[in-house]
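The block underneath contains the structure these notes are about, expressed in structure tokens.
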Amino acid sequence: MHRRLLPSLSFLLLCAWAQAQTKGVSVPERLESLVNDRFETTRCPGLSVAVASQNQIVFSKALGKADIEQDVPLTTASVQRLASLSKPITGTIIMDLVEQGKLSLDASVRQYLPELPVFHQSVSLRELLSRQSGVKGYADEEDVLFSTVHYPSSRDALKVMMAYPLAFTPGTKVEYSSLAFTVLGAAAEAATGRSFPQLSMDFFSRNSIHGLALDDPYAIVPRRVHGYLVDRTLNLQFNDGRVAGRDYLKGTAGEITNAHYYDISNRYPSGGFDASAEDLLRFVIAVGSGKVLKPDTVDAMWTGQHTFDGARTVFGLGWGVSKWKEKSDMVGMNGLELSTTAFLRYLPRSGVGVALLCNAEPRGFQSS
């Protein structure tokens, strides 16, 4: 699926970038045609797109269904799962606590979570944020992906992974880890005395950030979108090289099915936020405009971190970092979960941004 979405994403960015450089370029008309023409090829039951130029949303569109069974159309206000686009949000929350002096980037995580095994002494919050921690917390990734346990806090979720050794020496390499963000959430809980859901909502309220919620399966989340699987023939690929089929779908008819049920509370900080495409983009604009964190903090967060050998990585502090057209700084990430595909890119200097949210599992889903 995302192979067909990425060219659209690049074109959306190009249009918005062009408008930011030349006021005479009309983005909405060009994007309306593009999104309408390519919607079917994405195979998304529902697709929402928001585009910004000069830190103003200049285009927003929703197509398809938020709920196929109930025949509910997707709207620009529909709330979709952000999957790993939650990590930049968590990174921003952590950096807010750093600004307040409640967390220290280079302190050992055991300063906040002394219950962690002693081998976590060498892990800092900076390394957790920049994917250099070596944290690997589960023997079976399928147990993580399909977890149905509801955890009241990240610190409670952390208890099931504390015995597993680090995968490598912290700071020596980059390896994507969702569990590292559960550790960050638990550290934030220890420092504030609040659960991650509570401190997240406090952060949003204090900074007048609207429309973001946690994907609590038991809570009432207004306008929450239903997630689907659109290609049941594809296998699940895990980071350990294992491939699993869709045995759980035996006896179920239909090309499109409901997504496999899971409770994301075991990894709220890494994949548990919901938002509309518009509200996600408004959040990024608020951060980039200096309305949430100090400019120096944003610069640090959006600068690629280095490994011990001096190599610069493609991750800042919670955020992915890259270049647009090999010269303009760009931040953002992709998000992939069992029921959603999400993309976000933002160019801080020109205020150009694009958010795409699709309520279906991506083709070729691979766990992280």
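Numbering starts at 1 and runs along the sequence shown. The structure displayed is predicted, hence computed values, not measured ones.
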Inset, instruction - Check for a donor-acceptor pair, side chain of Ser205 on one end and backbone N or O of Asp202 on the other, with a separation under 3.5 Å. - result: no

Legend entry - Neighbour count above 12 (heavy atom, 6.0 Å) for Glu40 CD: no

Legend entry - Shortest non-hydrogen separation from Leu166 to Ser122 and the atoms involved: CD1-OG, 4.2 Å

Inset, instruction - For residues Ser48 and Thr76, determine if any side-chain heavy atom of one lies less than 4.5 Å from a side-chain heavy atom of the other. - result: no

Inset, instruction - Using the side-chain contact (heavy atoms from CB on, under 4.5 Å) rule, pick out the option among Val98, Thr90, Leu105 that qualifies with Leu129. - result: Leu105

Inset, instruction - Answer whether the closest heavy-atom distance between the side chains of Asp274 and Leu214 falls below 4.5 Å. - result: no

Inset, instruction - Taking atom NZ of Lys323 as the centre, report whether more than 12 heavy atoms of other residues, nucleotides or ligands fall under 6.0 Å from it. - result: yes

Inset, instruction - Examine distances only and state if a side-chain atom of Ser86 and a backbone atom of Ala83 form a donor-acceptor pair shorter than 3.5 Å. - result: yes

Inset, instruction - Evaluate whether atom CZ of Arg232 has more than 12 neighbouring non-hydrogen atoms of other residues, nucleotides or ligands under 6.0 angstrom away. - result: yes

Legend entry - Thr341 and its side-chain contact (heavy atoms from CB on, under 4.5 Å) partner, picked from Leu47, Leu357, Leu336: Leu336

Legend entry - All side-chain hydrogen bond (donor to acceptor under 3.5 Å, both in side chains) counterparts of Glu115, not counting sequence neighbours: Arg155

Legend entry - Verdict with supporting geometry, Tyr112 and Leu103, side-chain contact (heavy atoms from CB on, under 4.5 Å): CA-CA 9 Å; Tyr112 308 102; Leu103 290 174; 3.7 Å; yes

Inset, instruction - Output yes when a side-chain donor or acceptor of Thr340 lies under 3.5 Å from a complementary backbone atom of Glu337, and no otherwise. - result: no

Inset, instruction - Give a yes or no on whether the backbone of Ser108 and the side-chain of Ser124 come within a donor-acceptor separation of less than 3.5 Å. - result: no

Inset, instruction - Let me see the working for Leu236 and Arg246 under side-chain contact (heavy atoms from CB on, under 4.5 Å), right down to the final yes or no. - result: CA-CA 8 Å; Leu236 292 163; Arg246 307 280 179 171; 3.7 Å; yes

Inset, instruction - Establish, from distance only, whether the side-chain atoms of Asp279 and His210 form a donor-acceptor pair under 3.5 Å. - result: no

Inset, instruction - State whether a side-chain donor-acceptor pair under 3.5 Å links Thr182 with Tyr268. - result: no

Inset, instruction - Provide the full list of ring pair (Phe, Tyr, Trp, His ring centres under 6.0 Å) pairs with a residue in residues 284-317, sequence neighbours left out, each pair given once. - result: Trp302-Trp319, Trp302-Tyr346

Inset, instruction - Using a 4.5 Å cut-off on heavy atoms from C-beta on, say whether the side chain of Lys173 contacts that of Thr307. - result: no

Legend entry - Any Gln54 side-chain heavy atom under 4.5 Å of Ser350 side chain: no

Inset, instruction - Take Met95 and Val298, measure what side-chain contact (heavy atoms from CB on, under 4.5 Å) needs, and give me the verdict at the end. - result: CA-CA 9 Å; Met95 294 305 291; Val298 176; over 6 Å; no

Name each donor-acceptor pair under 3.5 Å that joins a side chain in residues 143-151 to protein atoms two or more places apart or in another chain, with its distance.
{"from": "Ser147", "atom 1": "OG", "to": "Val149", "atom 2": "N", "distance (Å)": "3.4"}
{"from": "His150", "atom 1": "ND1", "to": "Asp263", "atom 2": "OD1", "distance (Å)": "3.4"}
{"from": "His150", "atom 1": "ND1", "to": "Asp263", "atom 2": "OD2", "distance (Å)": "2.8"}

Inset, instruction - Check whether any side-chain N or O of Arg345 sits under 3.5 Å from a backbone N or O of Met333 as a donor-acceptor pair, and report yes or no. - result: yes

Legend entry - Heavy-atom check, side chain of Ile264 versus side chain of Arg81, under 4.5 Å: no

Legend entry - Student check: side-chain heavy atoms of Arg206 and Met201 closer than 4.5 Å: no

Legend entry - Non-hydrogen side-chain atoms of Val354 and Leu344 separated by less than 4.5 Å: no

Legend entry - Distance under 6.0 Å and angle within 45° of ring axis: Lys136 vs Tyr164: no

Legend entry - Heavy-atom pair of closest approach, residues Ala342 and Leu82: CB-O, 3.9 Å

Inset, instruction - Could you tell me whether a side-chain N or O of Arg110 sits under 3.5 Å from a main-chain N or O of Leu116, the two making a donor and an acceptor? - result: yes

Inset, instruction - Please list, chain by chain and in numerical order, all residues satisfying side-chain hydrogen bond (donor to acceptor under 3.5 Å, both in side chains) with Ser130, sequence neighbours excluded. - result: Gln132

Inset, instruction - Drop me the distance from Ser270's OG to Ile89's CD1, to the nearest 0.5 angstrom. - result: 11.5 Å

Inset, instruction - Consider only side-chain N and O atoms of Thr297 and Glu99, and report whether a donor and an acceptor are under 3.5 Å apart. - result: yes

Inset, instruction - Check the pair Ser339 / Tyr262 against side-chain hydrogen bond (donor to acceptor under 3.5 Å, both in side chains), numbers first and verdict last. - result: CA-CA 10 Å; Ser339 59; Tyr262 60 94; 3.0 Å; yes

Inset, instruction - Could you list the residues that satisfy salt bridge (charged side-chain N to carboxylate O under 4.0 Å, His left out) with Lys159, not counting sequence neighbours? - result: Asp156

Legend entry - Smallest separation among heavy atoms of Leu317 and Ala300, with atom names: CD1-O, 3.8 Å

Quick one: side chains of residues 58-65, donor-acceptor pairs under 3.5 Å with protein atoms, not counting sequence neighbours, listed by atom name and distance.
{"from": "Ser60", "atom 1": "OG", "to": "Glu278", "atom 2": "OE2", "distance (Å)": "2.5"}
{"from": "Lys61", "atom 1": "NZ", "to": "Glu32", "atom 2": "OE2", "distance (Å)": "2.6"}
{"from": "Lys65", "atom 1": "NZ", "to": "Asp71", "atom 2": "OD1", "distance (Å)": "2.6"}

Inset, instruction - For residues Leu158 and Val183, determine if any side-chain heavy atom of one lies less than 4.5 Å from a side-chain heavy atom of the other. - result: yes

Inset, instruction - Run through Phe204, Phe283, Phe181 and flag the one making a ring pair (Phe, Tyr, Trp, His ring centres under 6.0 Å) with Phe273. - result: Phe204

Legend entry - Check: Tyr218 main-chain N/O paired with Asp216 side-chain donor or acceptor under 3.5 Å: yes

Inset, instruction - Kindly say whether Ser195 contributes a backbone atom to a donor-acceptor pair with the side chain of Gln198 at under 3.5 angstrom? - result: yes

Legend entry - Aromatic centroids of Phe196 and Phe203 separated by under 6.0 Å: no

Inset, instruction - Decide side-chain contact (heavy atoms from CB on, under 4.5 Å) for Arg223 and Leu74; before the verdict, give the C-alpha distance in whole Å, the side-chain angles of both, and the deciding distance to 0.1 Å. - result: CA-CA 9 Å; Arg223 299 180 299 279; Leu74 192 76; over 6 Å; no

Legend entry - Ionic contact status for Asp96 with Lys102, cut-off 4.0 Å: no

